[in-house]
Amino acid sequence: MLKKILKFLIGSIIAFFLLTIGIVVLYKYVPVPYTPLMAIRSHQAKQEGKTLQTQKKWVPIENIHSSMIVAVIASEDNLFPTHNGFDWKEINNAIEESKSGKRQRGASTISQQTAKNVFLTPNRSFIRKGFEVYFTILIEKIWGKKRIMEVYLNVIEMGPGIYGIEAASQKYFHCSSNKLTKQQSALIAA
């Protein structure tokens, strides 16, 4: 009986690693079609008796104005080009502020936010945070910075039912993401 349980656990762990690594490798080359957050938001709207139409259009990073990339790095994670997926100084600051009873704040990098948005739900728990660390390490190693930024800019929630920079550009400025000005990019990033 114990052998069967042990065999099942080992098999489950191996299957988990194979499945998650496989999905990360797949998403290195294929646009992310749908995220857990999109499903949650759609379900929440239905529960409230509302219809939430998901607006999302994938664009390659080459078709996103460079000012948008600069604006996102400046507003969200200025160490993005150089860190390994984690900003340890900000993480330590957030931990210290939490210990002192101050309002909790996030210390997530663009890499961590991308891992959460693509693979996980937005709930707050140590277990979810552990999975976020795991997926952040995977995407940093397998995707690299350019792909992480491309995925981030294509899946980030930018308003009710609006996901990604192209949908946000169309909705708020009636133009394609490669036509955004510096000011428009800064407004979207903020």
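Numbers here simply count residues along the sequence, with the first being 1.
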Heavy-atom distance under 4.5 Å between the side chains of [X] and [Y], does that happen here?
X    : Y    : value
L138 : W143 : no
E157 : I162 : no
F80  : I148 : yes
T35  : F119 : no
Y27  : I142 : no
F131 : S125 : no
Y163 : V155 : no
N178 : I64  : no

With rounding to the nearest 0.5 angstrom, report the [atom1] to [atom2] distance, [X] to [Y].
X    : Y    : atom1 : atom2 : value
L120 : T136 : CG    : OG1   : 8.5 Å
L79  : I110 : CG    : CD1   : 10.5 Å
F16  : I21  : CZ    : CD1   : 9.0 Å
K57  : S176 : NZ    : OG    : 6.5 Å
Q55  : Q53  : CD    : CD    : 6.0 Å
I156 : I165 : CD1   : CD1   : 10.5 Å

Does the pair K28/E150 count as a salt bridge with the N-to-O cut at 4.0 Å?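 Between E150 and K28 there is no salt bridge, as every charged N stays at least 4.0 Å from the carboxylate O atoms.
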
Is it true that K145 and E140 make a salt bridge, defined as a side-chain N closer than 4.0 Å to a carboxylate O?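 Here K145 pairs with E140 in a salt bridge, since their nearest N and O are under 4.0 Å apart.
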
Check: Q170/H174 side-chain N/O donor and acceptor closer than 3.5 Å: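 Not at all, the side chains of Q170 and H174 share no donor-acceptor pair under 3.5 Å.
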
Residues passing the side-chain hydrogen bond (donor to acceptor under 3.5 Å, both in side chains) test with S66, sequence neighbours excluded, are none

Can you hop from [X] to [Y] via hydrophobic side chains spaced under 4.5 Å?
X    : Y   : answer
Y134 : I13 : yes
Y152 : Y29 : yes
L153 : V32 : yes
L52  : I40 : no
M149 : V24 : yes

Tell me whether I127 at atom CD1 has more than 12 heavy atoms from other residues, nucleotides or ligands lying less than 6.0 Å away. no

Kindly check if the number of other-residue, nucleotide or ligand heavy atoms within 6.0 Å of CD (E62) is above 12? yes

Any idea which heavy atoms bring [X] and [Y] closest together, and the distance?
X    : Y    : value
E132 : A115 : O-CB, 4.0 Å
N154 : W58  : OD1-CA, 3.2 Å
S185 : S67  : OG-OG, 2.8 Å
H83  : S111 : CE1-OG, 3.9 Å
T109 : D87  : CG2-N, 3.5 Å
P36  : V118 : CD-O, 3.3 Å

Run the numbers on L180 and I188 for side chain to side chain contact (heavy atoms under 4.5 Å, CB included), then give the verdict. CA-CA 10 Å; L180 288 169; I188 290 174; 4.1 Å; yes

K129/S108 under side chain to side chain contact (heavy atoms under 4.5 Å, CB included): CA gap, chis, key distance, verdict: CA-CA 10 Å; K129 206 63 168 164; S108 293; 3.3 Å; yes

Would you check if the side chain of [X] reaches a backbone N or O of [Y] as a donor-acceptor pair within less than 3.5 Å?
X    : Y    : result
D77  : I73  : no
Q184 : T181 : yes
S177 : N63  : yes

Examine K116 relative to F135 and say whether NZ or CZ is less than 6.0 Å from the centre of the six-membered ring and inside a 45° cone about the ring axis.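 Judged by the rule (NZ or CZ under 6.0 Å from the ring centre, within 45° of its axis), K116 is not positioned above F135.
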
